[in-house]
Amino acid sequence: MSIYDTMSRSVKEVTENEGLVTMYCCGPTVYRDAHVGNLRTFLLADLIARTIVLTGLEVELIQNITDVGHMADDFQEDGAEGDKMLAESKRTNTDPFEIARRYEDRFHQDLARLNVIPADFYPKASENMPEMIAAIEELIANKSAYVGSDGSVYFDAASCASYGAISGNKLDSLKPGHRYEYTDEGGKKFHADWALWKVAGSRTQMIWDSPWGPGFPGWHIECSVMSINLLQAHVNLHVGGIDLRFPHHENERAQSNALTAQETVDTWVHGEHLLFEGRKMSKSAGNVVLLQDVIDRGLDPLSLRFSLLENRYRSQMDLSWASLEAAHTTLRRWRTAMAQWGSADDLKFDQEIIDALTNDLDTPRAMQRLRAIEKDSSLGALDKRAIFLFADQVLGLDLARAEIQKPLPPEIESLLTLRAEARANKDWSASDSLRVQLEDAGLEIKDGPTGQSWSWR
RNA sequence: GGUCGGGUGGCCGAGAGGCGAGGCAAGGGACUGCAAAUCCCUCUACACGGGUUCAAAUCCCGUCCCGACCUCCA
């Protein structure tokens, strides 16, 4: 499989080692629900991993859970405290670790509903404190980091000769003042340096002992440490959202390379942002959509997966309720068709689908191919089904799933009986009003030559 | 200000030198007691101005517009 590498700015063949591809995907900071934009990135890792597996390689995927929080946020209104987890903790008067656990559970639930195959391991920042401290000590020992005048530990950006290779940001051009007022802590020697360990200061929660006194780790170090420790110091594929390109991945790369004395990551993959109805999703814009919102609209959560598949991961995508509803409709149509095409579990290899997916994950082309197959009158039903099942190994749309048959409540059943009687008596007005009632209850009514039939909407 | 993407029918979106995918919506028809679903058919587009070329949505230059990133962010 080939995929676009942000650092070399080109589509590259995915590297492997004896048939194994190691992957790392930056996971959620668990202080709130993941919105559908976050899920787009997590889905990206899933699609890449599934495609690689389809080509006969193995994948080991690690996705971290950030439960320590990091600086600055959108809770600024409640004062100087800048940690997201702590701000949420204060706001809801809840233990910060309890918040983290709650949102971590919901994160896993969302992934399951989106048919994302779980990563091999979900390490937590809070459970890797000794490893992070050890890494920071190592960075100080090899002169990549120093203890600042405020007692915090900083990474020396200039010690990384190729700093800026991912984002294109030069150290000079990172001078403060372009966009933000520069009000940062004064402990570092150089404007582009960043904190590896922050001293606790007045903070009393979520702090750990360290050789530099009580404090907490900087945001970037956790990904370096976990990827190096869990993936044998070499990452074939590193996945994350486009906004992580800088500073997070730039800094992570500098740290990791200083720790392993080599280029730790072969390929940096970045997923573009998902907009909703024309605008970036954000709390302030008030257009944050959760997977639960999709479900609450009566849409299959996999409609979201379907919609996302219809766009290239490297393009900004504008999601809307109209597109989700269209996806829901097509998804149902495909499942119905699948059932009509038979019940065999056979898979039929399809070169066009493989080519599309392995060519920089061209999911729109794969989807288009399925639409063409659906309409192709020269293909038999069994072949169609087998090709759809083949594609679904990566697409993950549960195409073989029968439409849900939740039990019919007795009152609905009696309405159906009444309507059947009304129709037999050609009492059309009664029949029509009963149909409206049944539709309001969530059913879909069809009248055919053999009488009425129904299904859940 | 720096860097990077992009502007395709009513809407969403592929395509990247020579047939302008597909979906949604709309309109017409079949079917139906009427609908729904389904099936068939139909319409409409490559931001603007130059250039290169036998040929440009596609390449080049300019203009306008939109978005992203630039030490919070998927």
Side-chain angles (χ1 to χ4, degrees), chain A residues 6 9 25-29 32 34-45 69-76 82-84 157 164 167-170 172-180 182 184 191-195 218-220 239-248 250-251 270-275 278-283 306-307 310-320 322-327 329-330 332-333 336-337 356 362-365 367-372 374-375 423 426-429 431-432 435-436 439 443-449 452-455 457:
Chain A
T6 306
R9 284 147 212 256
C25 179
C26 288
T29 304
R32 59 158 167 74
H35 56 61
V36 292
N38 301 62
L39 295 177
R40 187 186 191 195
T41 302
F42 306 150
L43 175 65
L44 172 61
H70 41 260
M71 300 306 290
D73 60 12
D74 32 11
F75 296 108
Q76 278 317 357
D83 185 283
K84 289 177 172 174
S167 64
N169 283 328
K170 303 280 189 301
D172 296 347
S173 66
L174 289 173
K175 289 234 165 66
H178 282 310
R179 211 172 89 149
Y180 292 107
Y182 201 64
D184 209 350
H191 63 84
D193 296 347
W194 64 90
W219 171 35
H220 314 298
V239 180
I242 188 73
D243 49 339
L244 261 39
R245 187 178 40 180
F246 186 87
H248 182 57
E250 201 69 75
N251 294 358
H270 289 107
E272 253 296 354
H273 274 299
L274 178 67
L275 312 181
R279 300 176 61 184
K280 181 171 168 176
M281 252 178 267
S282 69
K283 262 174 102 151
F306 192 109
S307 294
E310 290 201 288
N311 291 70
R312 202 76 183 265
Y313 75 95
R314 260 193 306 137
S315 306
Q316 267 178 33
M317 168 183 179
D318 188 13
L319 191 70
S320 64
S323 57
L324 284 168
E325 277 155 19
T329 304
T330 308
R332 288 193 61 202
R333 191 181 77 225
T336 305
D362 194 346
T363 54
R365 184 180 285 265
M367 296 293 275
Q368 191 181 332
R369 170 73 180 149
L370 287 188
R371 290 184 198 272
E374 182 190 8
K375 287 190 173 162
R423 295 195 72 236
K426 297 195 191 296
D427 184 352
W428 306 126
S429 64
S431 158
D432 288 350
R435 180 169 64 211
V436 170
E439 283 171 350
L443 291 201
E444 193 168 83
I445 304 298
K446 300 175 189 182
D447 293 327
Q452 69 181 1
S453 64
W454 62 271
S455 61
R457 191 157 43 84

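What you see is a predicted model, and the numbers here were worked out from it, not measured in a lab. A, B, ... follow the sequence lines: proteins, then strands. Residue 1 opens every chain.
Scanning for side-chain hydrogen bond (donor to acceptor under 3.5 Å, both in side chains) contacts around A:H273 gives an empty result, with sequence neighbours left out. Residues satisfying the side-chain hydrogen bond (donor to acceptor under 3.5 Å, both in side chains) criterion with A:S323, sequence neighbours excluded, are A:S320. Among residues two or more places apart in sequence or in another chain, the ring-ring contact (aromatic ring centres under 6.0 Å, His included) test is passed with A:H248 by A:W219, A:H220. Partners of A:R312 by side-chain contact (heavy atoms from CB on, under 4.5 Å), not counting sequence neighbours, listed by chain and number: A:S315, A:D360, A:D362, A:P364. Taking A:Q452 as the reference, A:R419 meet the side-chain hydrogen bond (donor to acceptor under 3.5 Å, both in side chains) condition, with sequence neighbours excluded. Listed by chain and number, the residues in a side-chain contact (heavy atoms from CB on, under 4.5 Å) with A:E444 are A:R332, A:K446, A:S455, A:R457 (sequence neighbours excluded). Not a single side-chain hydrogen bond (donor to acceptor under 3.5 Å, both in side chains) links A:R245 to another residue, sequence neighbours left out. Evaluation of the side-chain contact (heavy atoms from CB on, under 4.5 Å) rule for A:R333 yields A:T330, A:R371, A:E374 as partners, not counting sequence neighbours. Residues passing the ring-ring contact (aromatic ring centres under 6.0 Å, His included) test with A:Y313, sequence neighbours excluded: none.
Base contact: A:L274 has a heavy atom under 4.0 Å from a base atom. Contacts of A:R245 with the nucleic acid, taken as non-hydrogen atoms under 4.0 Å apart, involve only primed sugar atoms and P, OP1 or OP2. Residue A:K426 is classed as having no contact, given no heavy-atom separation below 4.0 Å to the nucleic acid. Residue-level contact check: A:L244 touches the backbone only, with heavy atoms under 4.0 Å from sugar-phosphate atoms and none from bases. A:G37 comes within 4.0 angstrom of a base, heavy atoms only. Among the protein residues, A:H248 comes within range of no part of the nucleic acid, since none of its heavy atoms lies under 4.0 Å from any strand.
When rounded to the nearest whole Å, the span between CD of A:E272 and P of B:C69 equals 8 Å. Atoms CZ (A:F246) and P (B:U3) sit 15 Å apart, rounded to a whole Å.
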* Asked: Taking protein heavy atoms under 4.0 Å as touching, what does nucleotides 22-27 of chain B look like 5' to 3' if B marks base contact, S marks sugar-phosphate-only contact and - marks none?
  -> SSS---

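Counting heavy atoms from C-beta on, the side chains of A:L319 and A:L275 never come closer than 4.5 Å.
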Which atom pairs link the protein and nucleotides 30-34 of chain B when you take only N or O atoms and keep those under 3.5 Å?
residue	atom	partner	partner atom	Å
B:G33	O6	A:S431	OG	3.3
B:G33	N1	A:D432	OD1	3.1
B:G33	N2	A:D432	OD2	2.9
B:C34	O2	A:R435	NH2	3.0
B:C34	N3	A:R435	NH1	3.0
B:C34	N4	A:D447	OD2	3.0

* **Nucleotide pairing, RNA chain B (Watson-Crick or G-U, distances under 3.5 Å), in dot-bracket with [ ] and |** => (((((((..(((.....[...))).(((((.......)))))....(((((..]....))))))))))))....

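At a cut-off of 3.5 angstrom, counting only N and O atoms as typed in the model, there is no donor on one side facing an acceptor on the other between the side-chain of A:H273 and the base of B:A68.
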